[in-house]
Engineer: 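Below is one structure. I have some questions about it.
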Number of protein chains: 2
Amino acid sequence: MKLSTRGRYGLKAMFDLALNYGDGPISLTSIAERQAISVNYLEQLISPLRKAGLVESVRGAQGGYMLAKGPTEITVGVILTTLEGPLAPTDCVVMDTEEEVCDHSRYCVTKVIYEKIYESITSVVNSITLQHMIDDYQTNQESLIISSICECK
Amino acid sequence: MKLSTRGRYGLKAMFDLALNYGDGPISLTSIAERQAISVNYLEQLISPLRKAGLVESVRGAQGGYMLAKGPTEITVGVILTTLEGPLAPTDCVVMDTEEEVCDHSRYCVTKVIYEKIYESITSVVNSITLQHMIDDYQTNQESLIISSICECK
DNA sequence: TTAAATCCTAGTTTTTTACTAAGAAATCAT
DNA sequence: ATGATTTCTTAGTAAAAAACTAGGATTTAA
């Protein structure tokens, strides 16, 4: 039940972009440096975020990335699901009825549990925006508590 | 963010034992057959459940396993965490302060998110007992809806 | 024209998952 | 007693997924 580095690094990068929102394009090199992530790997993560319409890119020298919308409009949920797929504990809770593998799935006592887990996760991540993270970051900086992003792998 | 087969198969097996609660020892062979799981693999899953005090075993012929407590006393949460470890989206939210890897972790904007996810998952799974699953199963059987456990892998 | 950047894809290493296999120990039934 | 049945334990293995690395093509500001 762990998030992979895709989701974690991607969220870090998006938070970085959010902190620099309005400052023009930010290069992946600078993000990678600040967040201690490989540039090549970050490139692979930013690609789906761009295709999902969450970031815009400017190519060429002095180019980079910027949020495609304001930080209030981008949730942690959309970032994580773009990079990780649905935040569901099993595949069966997100399967189309078409591809049902399971005869008994009309009603399944374990499936209802997995659905509840899925809903609770979704509810949390969809309720948090990048702006919330920024606010959180700034209030804690003001009160002299060191606030940042973990270096946790 | 998926559960592994350890958690899913283990939960199936525990539900199976719960349905047979009070009937004496149930062999793994019969559980494995009903739930379509390899016996050898199930043995590896039941072992930690026994060590966690959730099931008791009777060795020898006509032996098997049974719940060590009533179905009202065993939560989905304790089953899943026994088999999967903490249901946390990252390691950092469950680490002891001793083993903090991360300098900035006194306050971390992403960590607080992961903690919220962790709490919401924990809250769901800890609120559901095997008895709830049995009740759920039986009410849906009565109303002529086929109720069972998925064959989902 | 050059340097800096995105963009794209293929490949590789490492880790984890999901088992398989096999044998020892215990115990019931005959 | 003996054999069948079952738990118990550990070692090994195959497949899949994760986590990158590498490199080249394209774009564009200076």
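Computation of the quantities below employed the complete heavy-atom set of this structure, encompassing side-chain atoms and omitting hydrogens, waters and symmetry-equivalent molecules. We name chains A, B, ... by the order of the sequence lines, and we start the count at 1 in each one.
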Engineer: From the options C:dT6, D:dT5, D:dT6, select the nucleotide whose nearest atom is closest to the side chain of B:A61.
Structural biologist: D:dT5
Engineer: Going by atom types only, do B:N40 and B:Q44 share a side-chain donor-acceptor pair under 3.5 Å?
Structural biologist: no
Engineer: Membership question, hydrophobic clusters at under 4.5 Å side-chain separation (ILVMFWY): are B:M66 and B:Y21 in the same one?
Structural biologist: no
Engineer: Is the backbone N or O of B:E43 less than 3.5 Å from a side-chain atom of B:S47, with the two atoms forming a donor-acceptor pair by type?
Structural biologist: no
Engineer: Specify the separation, in whole Å, of atom CD1 of A:I37 and atom P of D:dT21.
Structural biologist: 12 Å
Engineer: Please give, in whole Å, the distance from D:dC8 C1' to B:L45 CG?
Structural biologist: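 The distance from CG of B:L45 to C1' of D:dC8 comes to 14 Å, rounded to the nearest Å.
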Engineer: May I ask you to decide if A:A88's main-chain N or O and B:K2's side chain share a donor-acceptor pair within less than 3.5 Å?
Structural biologist: yes
Engineer: In whole angstrom, what separates A:D91's CG from D:dA16's C1'?
Structural biologist: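 After rounding, the reported distance stands at 14 Å.
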Engineer: Is the phosphate of D:dA19 approached by A:R6 (side-chain N or O, under 4.0 Å from OP1 or OP2)?
Structural biologist: no
Engineer: Would you indicate which nucleotide in C:dC8, D:dT7, C:dC28 comes nearest to any side-chain atom of B:Q62?
Structural biologist: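 Given the options C:dC8, D:dT7, C:dC28, the side chain of B:Q62 is closest to C:dC28.
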Engineer: Does B:S27 put a side-chain nitrogen or oxygen below 4.0 Å from OP1 or OP2 of D:dT7?
Structural biologist: no
Engineer: Is the shortest side-chain N/O distance from B:R8 to OP1 or OP2 of C:dT17 below 4.0 Å?
Structural biologist: no
Engineer: Find which nucleotide of DNA chain D each of A:L3 and A:G60 is nearest to by heavy atoms, and output the residue with the more 5' nucleotide.
Structural biologist: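 The residue mapped nearer the 5' terminus is A:L3.
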Engineer: Base, sugar-phosphate, or nothing for B:I46, non-hydrogen atoms under 4.0 angstrom?
Structural biologist: nothing
Engineer: Is there a side-chain polar atom (N or O) of B:S47 under 4.0 Å from OP1 or OP2 of D:dC8?
Structural biologist: no
Engineer: Hey, is the side chain of A:S38 poking within less than 4.0 Å of OP1 or OP2 on D:dT21, counting only N and O atoms?
Structural biologist: yes
Engineer: Can you measure A:R50 atom CZ to C:dT6 atom P for me and round it to whole angstrom units?
Structural biologist: 11 Å
Engineer: Are A:L19 and A:M133 connected in the hydrophobic side-chain network, where two residues link if heavy atoms are under 4.5 Å apart?
Structural biologist: yes
Engineer: Would you kindly give the CD1-to-P distance between B:I26 and D:dT7, to the nearest whole Å?
Structural biologist: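 Taking CD1 of B:I26 and P of D:dT7, I get 11 Å after rounding.
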Engineer: For B:L49 and D:dT9, give me the distance from atom CG to atom C1', rounded to whole Å.
Structural biologist: 16 Å
Engineer: Identify which nucleotide among C:dA5, D:dA22, D:dT7 has an atom closest to any side-chain atom of A:N40, counting heavy atoms from C-beta outward.
Structural biologist: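 The nucleotide sitting nearest to the side chain is D:dA22.
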Engineer: Whole angstroms only, please: what is the CG-C1' distance between A:L42 and C:dC7?
Structural biologist: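 About 14 Å, once rounded to whole Å.
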Engineer: Does a nitrogen or oxygen in the side chain of A:Y9 sit under 4.0 Å from OP1 or OP2 of D:dC20?
Structural biologist: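 Yes.
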Engineer: Which residue lies toward the 5' end of DNA chain C, A:E43 or A:G63, if each is placed at its nearest nucleotide?
Structural biologist: A:G63
Engineer: Return no unless some side-chain N or O of A:Y41 is found under 4.0 Å from OP1 or OP2 of D:dA22.
Structural biologist: no
Engineer: How long is the line joining CD of B:Q44 and C1' of C:dA18, in whole Å?
Structural biologist: 9 Å
Engineer: Using only heavy-atom distances, decide whether a donor-acceptor pair under 3.5 angstrom links the side-chain of B:R59 to the base of D:dT6.
Structural biologist: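 Result: no qualifying N/O pair found.
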Engineer: So which one's nearest nucleotide on DNA chain C is more toward 5', B:S4 or A:Y65?
Structural biologist: A:Y65
Engineer: Check B:L83 against B:R6 and note the closest heavy-atom contact, atom names and distance.
Structural biologist: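 Looks like O-NE, 3.0 Å.
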